[in-house]
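These notes concern the structure reproduced below.
The structure presented is a predicted model; accordingly, all values stated were derived computationally and were not measured. Position 1 is the first residue of the sequence; numbering continues from there.
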Amino acid sequence: MQSNKPVVLVVDDDPVNLDILVQTLEQDYFLIIAKNGKRALDLAFSHHPDLILLDILMPEMDGFEVCRCLKEDPATEPIPVIFLSVMEAPGQKHHGFEVGGVDYVTKPFHADEVLARVRTHVTIKRLREKLESHNMLIGMELHEKSRQLETLMNNLPGLAYQGEHTPDRKVRFVSQGVARLTGYTPEDFTGPDGMGLLSLVHADDREHVSATLETALGNKEPFELTYRIVTSWGEEKWVWEQGAGVYATGPEGPLLVEGFINDVTEKQKQDNTIRQENEELRNRLKARCSGDIVGSSPQITAVFDLIARAAAVDDNVVVYGESGTGKELVARAIHDGSARYQRPFVAVNCGAIPESLFESELFGYKKGAFTGATADKKGYLDQADGGTLFLDELGEISLMGQVKLLRAIEHGGFTPVGGSQIHRPNVRIIAATNRNLLERVNEGAMRRDFYYRIHVIPIHLPPLRQRKEDIPLLIEYFLNAYPRVGDLPALNGEIMQAFMQYDWPGNIRELHNTLYRYLTLGKVQLGTLQVGSGQMAPANGDAEHRPQLPQEPLASALDRFEREYLLETLRRNDWKRAETAEILGIDRRTLFRKIKQFGLEDEEGK
């Protein structure tokens, strides 16, 4: 039986009518055929169809008798029955409804009419079954809730109360748990001379408790609060109270106040201890690092907080910052702290992907999709399925690329180049850029819908010049990570002073490279200044303090300077051509030509 289609039992002794009904219904329904009443009853009891189309005039047992038998059995009573008959007498229709039919179709019938009525009654039956199932679940839940409440009241470790809305909080009823919690009996509270609940509250907490209750009850809201009480033997305990007012219709205040009070002394002590330990631990962690992000300055500490918040959710993130500030480290820290930490982290340099290859790189391709596609290849989105896709240099994606990527990440999916199957990977996007993306939107270089889809949680990384107090920590971190081959050169006061005074346009990447260059070669060069060579902060313009320049023709000197400056700028920007070209004020084609002209291809990665 095809369970995905409703089951309809068609009962008619006329083969012509059966053919018409089968042709009308077989596309949308699974049909069972019976040509007499006895067979119809057998099939109804064994298959429990969703609906029965029942002819009235049949030999041996007519449709009315069949329907009566169906309605007498609880197993088949809910099945809706639509009568089919050539008779149009109102008495026959009335009799059909009396024996349990839900509808009546007169022969010769129209196919559309039969189909519409069958669809209507099948839908009604299924909705009724869902409602009955839902009501049964609600009944079970109510029964379970009643049982739980009864158990709770019988075993409540604290106390339950019902009281009046008075300043001293007089009560009409208080459970036996009051004796265990306070040392007083229920009789101490009930009666005209009984004490009020407020008398239990520690003197320092009474004003807070009274004000909180008055505010909540005045707004007709439930309340909960934690405070201290004093027991009959003088012990202070922390308690947690939850309650609500019982109101009459109208603007008047509550008639009664009902609630629970429970002992939370041990929990409060543990919470206070854990809170203090967590705060101390958080401060120590923030003072050192988040993953491989090192620093204790207020600027970087604020970034650590944002990383923790971003890791706790699954929203897209954009990391803003100058080149070399550690944008990819922030992305990795978010990924490692998130629920996706066991899934892939895939980093993509968008600025390095030519427009013609964007689709095949992001979405992948199938074997034979183009010349050279000798095997299937997963795109970056499929590689990052379940994990994080890090899009570096997000601002370099073309408008057409933005359209394709937006559709892919908005659950429209994508099709690999040369493929036909739609892929919908589960990917979180973390992007990075040194551009102002909103300006790119206003300039028309970035789609507004793409911007708002990506730009959910922004994180701005401060440049190193704005957090120079972190330089000693960064130096310590890099020194500990440096391979120990022998004794490392000492970082003397002059070098440390130079490091602290320098503005580090290449940020942490420049600091890292400068420090390792010093540890390897024993030289420190900050920009065009050589520390310890007489070039650092000359006292006056005397010739003895001026750097010694090589004697060479002007043309070769300019070429040497251009090569060194181009190489240093590429290194500071981690060999990202788009950023380097923008800083130099030249287009990317010119940059590629100069890299080849000065033979810089082999310098990348050194």
Side-chain angles (χ1 to χ4, degrees), residues 1-140:
M1 183 180 295
Q2 303 178 33
S3 59
N4 60 326
K5 289 184 178 182
V7 179
V8 175
L9 171 59
V10 182
V11 186
D12 200 320
D13 61 341
D14 187 340
V16 176
N17 287 336
L18 283 176
D19 288 343
I20 295 174
L21 291 170
V22 168
Q23 293 175 14
T24 302
L25 300 172
E26 64 181 349
Q27 182 175 352
D28 297 324
Y29 301 93
F30 182 82
L31 302 180
I32 305 172
I33 307 301
K35 297 182 179 180
N36 58 70
K38 186 176 182 304
R39 179 60 177 164
L41 289 175
D42 292 340
L43 292 175
F45 289 129
S46 61
H47 289 79
H48 296 284
D50 293 285
L51 182 136
I52 299 175
L53 282 171
L54 181 59
D55 188 23
I56 294 177
L57 297 179
M58 293 185 296
E60 298 182 8
M61 180 182 291
D62 65 13
F64 294 144
E65 183 61 26
V66 173
C67 185
R68 186 179 297 108
C69 293
L70 291 171
K71 298 304 175 181
E72 289 176 352
D73 192 304
T76 55
E77 187 278 333
I79 303 173
V81 176
I82 299 177
F83 284 113
L84 304 172
S85 178
V86 295
M87 299 183 294
E88 299 183 1
Q92 290 292 339
K93 292 185 178 180
H94 179 72
H95 185 53
F97 293 132
E98 280 185 340
V99 297
V102 297
D103 210 339
Y104 195 101
V105 177
T106 303
K107 302 177 184 179
F109 40 73
H110 295 286
D112 291 340
E113 179 187 6
V114 173
L115 188 60
R117 296 197 183 193
V118 168
R119 184 182 295 117
T120 298
H121 289 291
V122 167
T123 301
I124 292 173
K125 176 178 179 290
R126 293 200 165 182
L127 289 175
R128 185 177 63 250
E129 290 173 347
K130 288 183 179 179
L131 181 60
E132 291 172 352
S133 175
H134 183 65
N135 289 340
M136 183 174 64
L137 289 176
I138 291 176
M140 294 172 61

query = Are Asn17 and Asp55 close enough, and set up right, to give a side chain to side chain contact (heavy atoms under 4.5 Å, CB included), and what steps lead you there?
reply = CA-CA 10 Å; Asn17 287 336; Asp55 188 23; 5.7 Å; no
inquiry  = Please determine whether side chain to side chain contact (heavy atoms under 4.5 Å, CB included) holds for the pair Val11 and Val66, giving the CA-CA distance in whole Å, both sets of side-chain angles, and the decisive distance to 0.1 Å.
reply    = CA-CA 10 Å; Val11 186; Val66 173; over 6 Å; no
Side chain to side chain, [X] and [Y], heavy atoms closer than 4.5 Å:
X: Leu57; Y: Lys107; answer: no
X: Pro6; Y: Arg126; answer: yes
X: Leu41; Y: Met61; answer: yes
X: Leu84; Y: Leu21; answer: yes
X: Val118; Y: Leu53; answer: yes

For the residue pair [X] and [Y], what are the closest heavy atoms and their distance?
X: Ser85; Y: Ile56; result: CB-CD1, 3.5 Å
X: Asp13; Y: Lys35; result: CB-O, 3.4 Å
X: Leu115; Y: Thr24; result: CD1-O, 4.0 Å
X: Arg119; Y: Tyr29; result: CA-OH, 3.2 Å
X: Leu70; Y: Thr76; result: O-OG1, 2.7 Å
X: Pro49; Y: Leu43; result: CD-O, 4.5 Å

Neighbour count >12 (heavy atoms, 6.0 Å) for atom CG, Asp112 =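 No, CG of Asp112 has 12 or fewer neighbouring heavy atoms, counting only those of other groups under 6.0 Å.
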inquiry  = So for atom CD, which belongs to Gln27, do other residues, nucleotides or ligands contribute more than 12 heavy atoms lying within a distance under 6.0 Å?
reply    =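 Check fails, neighbour count at 12 or below.
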task = Evaluate the criterion side chain to side chain contact (heavy atoms under 4.5 Å, CB included) for residue pair His121 and Asp103; output intermediate values, then yes/no.
result = CA-CA 9 Å; His121 289 291; Asp103 210 339; 3.0 Å; yes
Approximate separation, where rounding is to 0.5 Å, of [X] [atom1] and [Y] [atom2]:
X: His134; Y: Leu127; atom1: NE2; atom2: CG; value: 13.0 Å
X: Asp62; Y: Arg68; atom1: CG; atom2: CZ; value: 7.5 Å
X: Cys67; Y: Ile82; atom1: SG; atom2: CD1; value: 11.5 Å
X: Leu131; Y: Ile124; atom1: CG; atom2: CD1; value: 13.0 Å
X: Leu9; Y: Leu51; atom1: CG; atom2: CG; value: 9.0 Å
X: Cys69; Y: Glu72; atom1: SG; atom2: CD; value: 6.0 Å

ask   = Within the side chain of Asp50, is there an N or O that forms a donor-acceptor pair under 3.5 Å with the backbone of Val7?
value =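 Indeed, once roles are kept as given, a pair shorter than 3.5 Å links the two residues.
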query = When you measure from the side chain of Arg117 to the backbone N and O of Tyr104, does any donor-acceptor pair fall under 3.5 Å?
reply =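 Indeed, once roles are kept as given, a pair shorter than 3.5 Å links the two residues.
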task = Output, in order, the C-alpha distance, side-chain angles, deciding distance and verdict of ring-ring contact (aromatic ring centres under 6.0 Å, His included) for Phe83 and Phe64.
result = CA-CA 9 Å; Phe83 284 113; Phe64 294 144; 5.3 Å; yes
